[in-house]
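See structure below.
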Protein chains: 2
Amino acid sequence: MITNKNCIIRLSRYKNSLYRLQSLGFVKVFSENLADAVGVTAAQVRKDFSLFGISGNRRGGYEIGSLLEKLNTILGKDQVQKVVVVGAGHLGGALMRYNGFEKEGIKIAACFDIDPATYDRASRIPVLPIEELRAFVKDNAIRIGIIAVPDVAAAQVAEQMSNAGIRGILNFAPIRLKVPEDVTINNVNLELELENLIYFVNILNKTKAK
Amino acid sequence: MITNKNCIIRLSRYKNSLYRLQSLGFVKVFSENLADAVGVTAAQVRKDFSLFGISGNRRGGYEIGSLLEKLNTILGKDQVQKVVVVGAGHLGGALMRYNGFEKEGIKIAACFDIDPATYDRASRIPVLPIEELRAFVKDNAIRIGIIAVPDVAAAQVAEQMSNAGIRGILNFAPIRLKVPEDVTINNVNLELELENLIYFVNILNKTKAK
DNA sequence: GTATTATTGTGAAATAAATCACAATACATG
DNA sequence: CATGTATTGTGATTTATTTCACAATAATAC
Ligand SMILES: NC(=O)c1ccc[n+]([C@@H]2O[C@H](COP(=O)([O-])OP(=O)(O)OC[C@H]3O[C@@H](n4cnc5c(N)ncnc54)[C@H](O)[C@@H]3O)[C@@H](O)[C@H]2O)c1
Ligand SMILES: NC(=O)c1ccc[n+]([C@@H]2O[C@H](COP(=O)([O-])OP(=O)(O)OC[C@H]3O[C@@H](n4cnc5c(N)ncnc54)[C@H](O)[C@@H]3O)[C@@H](O)[C@H]2O)c1
């Protein structure tokens with residue numbers, strides 16, 4: 001079982017590049033092309049594939065169609081993935097209005113909030129009371145949830161999600177969540193990302209100044 | 001020069017935890033406490049510090065105040081960092097309305113867009129025509145920019161930013177940007193994060209099922 | 001003031017990830 | 001059908017990161 005996050009992210013990137021190549025009319029691809037498209041080395045591409053038992057044709061490269069099939073299976077893209085968002089504020093609202101997820105086979109099935117002013121059952125993506133989270137998640141067999149509530153509420157929401165049966169959480173609140181070990185958390189911490197950028201901008205500036 | 005992103009992210013986490021401990025009244029901290037708070041090993045904490053020449057007192061732990069000072073210097077937090085956002089749409093709007101950045105000493109100085117309907121010079125954070133980016137960045141000595149425009153516009157905006165003198169870009173558009181090597185890019189690709197989560201949820205589910 | 005103890009700081013060791021390098025081999029060419 | 005060539009697949013190597021383990025040492029106890 002491969003648990004190297006970077007490796008899985010690369011698979012996603014290969015997949016995305018392959019769709020682009022396919023839409024350009026390409027049918028076959030060499031590790032070298034794919035590497036260029038994604039910004040890694042050709043050896044890395046082949047190694048990644050080798051790790052997942054994906055093979056091409058010696059001297060013939062890879063057939064894009066079947067390569068995509070294999071990647072999609074590994075990445076769980078053979079069916080539309082339904083997710084829920086908790087927190088219908090600024091960020092939650094932006095996520096609900098974003099149409100880039102559908103293209104990737106990711107559907108926001110509903111949003112949940114604690115504030116009645118946000119509720120809207122009639123909307124394309126309904127906004128429902130948080131009390132209905134559990135039933136909704138069970139009824140729709142949802143396994144992925146997005147936390148877009150203030151940090152003080154995030155721990156509680158994480159617990160509600162976990163109890164409801166959600167197994168993967170994308171967390172935007174800038175705190176560390178404690179969840180059972182069978183729940184995976186991916187944090188998106190923008191403060192940290194910016195702080196990180198500042199560090200790298202500073203050191204690169206200093207080095208050049210020398 | 002340390003260029004390990006994870007290591008720098010840990011420094012930020014140490015810093016955040018230290019503020020929390022400090023506000024709780026603590027004055028000293030041991031690597032063990034900090035490790036627990038951040039979710040790493042004590043050896044990792046000490047090694048990270050050692051890498052940056054930070055030292056504490058044998059048997060006495062670290063004095064939180066001076067530790068914070070050192071971390072803040074390393075992380076460039078000794079002054080408020082001004083950043084600009086390009087793209088005043090859903091995401092850009094959410095970022096502008098978010099007040100969590102100020103707490104971290106990060107100030108969104110202005111937002112830029114191409115659509116006149118979004119312009120608003122009177123707002124707390126002005127929304128200005130993209131043509132003014134260059135002058136604004138120069139006048140305010142800004143080095144960090146956030147890209148929140150559609151993917152088709154992102155490459156162009158990255159170039160405009162780079163030309164204007166921006167040296168660090170936080171990019172939300174789901175594409176790979178090409179920039180001069182003295183510009184650092186941190187990508188936040190939510191599609192990828194979700195796809196990644198789906199993979200881990202799937203494999204963990206399968207493993208347990210065995 | 002000496003012994004005991006807790007904690008740091010850091011080389012050494014272990015582990016993880018990326019890259020190298022080349023044998024295996026399928027296709028092309030004549 | 002033999003020869004040459006391009007490309008894969010992967011074991012070996014290198015590089016990066018984390019963990020270990022323990023000497024150095026400062027605070028505490030007696
Ligand atoms: N807005 C941004 O650009 C931005 C940037 C970085 C991080 N974040 C993080 O994302 C999260 C959301 O930010 P935001 O700006 O959208 O906040 P927001 O205040 O606009 O929205 C939060 C929403 O969560 C709801 N909520 C609060 N407690 C809840 C609970 N227990 N259960 C269900 N819903 C609850 C509120 O009613 C509100 O609608 C925060 O943790 C924030 O730190 C946001
Ligand atoms: N909204 C989300 O939740 C979300 C989620 C994931 C990724 N993203 C990414 O973030 C980016 C922004 O998404 P959004 O939903 O805010 O889009 P949006 O369409 O709501 O807003 C985009 C804004 O950019 C402006 N713009 C377009 N071209 C420009 C240019 N050349 N220069 C300056 N401004 C320009 C538009 O006028 C608009 O105001 C996209 O790349 C999207 O893929 C958004």
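Below, read A as the first sequence line, B as the second, and so on, with proteins coming before strands; counting in each chain starts at 1. These numbers were taken from a predicted model, which means no experiment stands behind them.
Between the CE atom of B:M1 and the CZ atom of A:F200 there is a distance of 9.0 Å, given to the nearest 0.5 Å.
At a cut-off of 3.5 Å, with distance as the only test, a side-chain donor of B:N187 or B:N171 sits close to an acceptor on the other residue. In summary, the side chains of A:Y14 and A:D48 do present a donor paired with an acceptor at a separation below 3.5 Å, with no hydrogens or angles considered.
The distance from atom CG of A:D48 to atom P of D:dT10 is 13 Å, rounded to the nearest whole Å. Atom CG of B:N57 is separated from atom C1' of D:dA24 by 14 Å (rounded to the nearest Å). Rounded to whole angstrom, the span from the CG atom of A:N6 across to the P atom of D:dT17 amounts to 11 Å. The distance from atom NZ of A:K28 to atom C1' of C:dA28 is 12 Å, rounded to the nearest whole Å. Summarising the geometry, the separation between CD1 on A:I2 and C1' on C:dA16 is reported as 13 Å, rounded to the nearest angstrom. Atom P of nucleotide D:dT10 and atom CD1 of A:I54 are separated by 12 Å, given to the nearest angstrom.
Here D:dG9 is the nucleotide among D:dG9, C:dA28, C:dG9 with the atom lying nearest to any side-chain atom of A:R46. In the set C:dG9, C:dT19, D:dT8, the nucleotide with an atom closest to the side chain of A:T41 is C:dT19. Candidate nucleotides C:dA18, C:dT10, D:dT17 were compared by shortest atom distance to the side chain of B:S50, and C:dT10 ranks first. Distance from the side chain of A:A43 is smallest to C:dA21 among D:dG9, D:dT7, C:dA21. Listed candidates were C:dG9, C:dA6, D:dT19. Nearest to the side chain of B:Q44 is D:dT19. With distances taken from any side-chain atom of A:Y62 to the nucleotides D:dA26, D:dG9, C:dG9, the minimum falls on D:dG9.
Each of B:K47 and B:E32 lies near DNA chain C, and the nucleotide nearest B:E32 is the one positioned closer to the 5' end. In terms of position on DNA chain D, the residue among A:L51 and A:G60 whose nearest nucleotide sits closer to the 5' end is A:G60.
For the contact set between residues 63-74 of chain B and DNA chain D, defined by any heavy atom under 4.0 Å, there are no members.
The closest side-chain heavy-atom distance from B:L75 to A:I198 is not below 4.5 Å.
Between A:F101 and A:Y98, the distance from one ring center to the other falls under 6.0 angstrom.
Side-chain N/O atoms of A:R58 and base N/O atoms of C:dA26 include no donor-acceptor pair closer than 3.5 Å. A donor N or O paired with an acceptor N or O is found under 3.5 Å between the base of C:dT5 and the side-chain atoms of B:R59.
We find that A:K5 and B:E193 are joined by a salt bridge, their nearest charged nitrogen and carboxylate oxygen being less than 4.0 Å apart. A salt bridge links A:K15 with B:E195: the distance from a Lys NZ or Arg NE/NH1/NH2 to an Asp or Glu carboxylate oxygen falls below 4.0 Å.
Listed pair B:N4 / D:dT17 meets the phosphate criterion, a side-chain N or O lying under 4.0 Å from OP1 or OP2.
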